[in-house]
Amino acid sequence: MRYQIFIFCLLFSLVSFAGDKVKIGIFTGANHTKVNITVTGIYALIGDGGVLATLSKDDKNIQLDAAADGVNATLDGRFLGRFKRVMFQHYGAAEFKVYPAAGKANSYIFPEDLIVTSVLNRLQLVNSLDIESYVPGVVEAEGGKGHLEEYYKVQSVISRTYALNNLRRHEAEGFHLCDGTHCQVYHGRSRFEPLIAAAAAKTNGIVIVDDNIDLITAAFHSNCGGHTINAEDVWSKPLSYCVGRADTFCLLMPHSNWEKSIPRSQWTDYLESKRYPVSDSTTANALAYFPSEKQIFFVDSTFKIPLRVIRSDLKLRSTFFTVHQQGDQVTFIGQGFGHGVGLCQEGAMRMAQLGYAYDEIIHYYYKNVHLVPKHLIWFFKFD
Ligand SMILES: [Zn+2]
Ligand SMILES: [Zn+2]
């Protein structure tokens with residue numbers, strides 16, 4: 001019986017791979033009131049459920065502007081009407097561009113569908129697309145150019161896992177994820193690095209789950225400085241798969257070391273504001289601080305100053321640093337860049353350079369996780 005269910009689920013997963021749409025709020029920080037849109041490929045332009053026009057060339061210009069009770073649509077200078085919801089529904093391979101009437105132009109190209117509504121006299125633009133079309137855009141916007149395909153596979157699996165694990169972040173606004181750092185940065189499809197689309201396609205549908213077959217919180221950071229740290233030491237909540245471990249792969253990478261100097265008085269004033277005693281012998285420990293390994297608290301847990309708070313307050317690159325006094329200055333000499341939880345990106349880049357496969361890299365940084373096709377989660381969890 002279980003075998004039959006497995007076959008059924010496998011067939012179901014193969015069929016439904018093509019149909020997982022995500023709705024991404026685009027230009028969410030921009031507050032556009034008027035935009036022009038051009039398309040490449042074939043689209044139906046739909047206003048409140050009725051087809052207004054078929055669009056097949058990029059020389060047609062559709063202008064949309066926000067009104068209090070809807071969206072005004074104009075096609076090549078001809079007013080089409082005011083609608084609650086304007087949709088660009090694609091047929092086959094099709095893409096659109098958005099040109100804001102005010103503000104800076106951009107050259108982003110978005111695949112698949114666009115849904116436009118008016119919210120508080122502003123246009124709300126939502127790109128509705130298959131998650132597999134979304135992933136390469138995120139990987140390029142977040143990860144940049146010039147890396148190896150195996151590293152892009154790691155980022156593809158992480159971005160896909162993150163997206164599916166956070167589909168309710170903007171539920172109240174009517175879309176799944178925004179296009180900013182709050183969710184994952186997304187500027188339309190990838191345009192500069194062909195390896196990214198290949199890497200996303202080669203990991204099609206693969207996500208990371210924990211021992212309970214739950215999608216993981218796939219935390220990552222730029223460079224751990226030689227040792228990743230436990231999730232609970234940064235966010236108070238433990239994650240069984242984000243457990244600190246030594247990492248030598250990132251030690252000679254671009255963000256492995258940093259240095260920052262501030263006036264000694266600024267440092268002692270800061271410590272005083274945190275109730276650290278600055279007028280007795282413990283001051284010396286704050287001016288010559290050399291932890292031998294990663295710590296959670298500054299100097300000693302009795303003072304209750306978490307290093308993550310110092311990092312945030314003084315805008316330091318990491319919590320892994322020493323403090324030296326030099327005259328009326330103190331210098332922080334540190335390692336790594338970022339919170340240090342989960343996957344170390346520069347370590348992962350180095351592992352890819354050394355020939356490790358993407359799944360080996362993921363298993364190195366996340367403990368006891370599994371890589372599975374996303375639709376098989378349902379089979380394992382609910383069988
Ligand atoms: Zn968001
Ligand atoms: Zn590292």
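All residue numbers refer to positions in the sequence shown, counting from 1. Just follow the structure's listing: the first ligand is 1, and inside any ligand the first atom is 1. All values reported here derive from a predicted model rather than from experimental measurement.
Counting only heavy atoms from C-beta outward, the side chains of F297 and Q295 never approach each other to under 4.5 Å.
Hydrophobic clustering (side-chain heavy atoms under 4.5 Å, transitive across Ile, Leu, Val, Met, Phe, Trp, Tyr) groups L271 together with V299.
Considering F332, W267, F298 as possible partners of Y289, the one that fulfils the ring-ring contact (aromatic ring centres under 6.0 Å, His included) test is F298. A side chain to side chain contact (heavy atoms under 4.5 Å, CB included) with Y43 is found for exactly one of I46, T40, V39, namely V39.
Closer than 2.8 Å to the Zn ion (ligand 2) sit the protein N, O or S atoms C224 SG, D247 OD2, C250 SG, C344 SG. Counting only distances under 2.8 Å, and ignoring water, the protein N, O or S atoms around the Zn ion (ligand 1) are H170 NE2, C178 SG, H182 ND1, C183 SG.
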* Asked: After noting the C-alpha distance and the side-chain angles of D247 and Y365, does the key distance pass the side-chain hydrogen bond (donor to acceptor under 3.5 Å, both in side chains) rule?
  -> CA-CA 9 Å; D247 173 19; Y365 289 106; 2.9 Å; yes
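Taking each heavy atom of R317 and R311 in turn, the nearest pair found is O-NE, 3.3 Å.
E140 contributes no side-chain N or O that, together with a main-chain N or O of I196, makes up a donor-acceptor pair within less than 3.5 Å.
Residues Y364 and F249 place their aromatic rings such that the two centres sit under 6.0 Å apart.
Defined by atom type and a distance below 3.5 Å, a donor-acceptor pair is present between the side-chain atoms of T331 and Q326.
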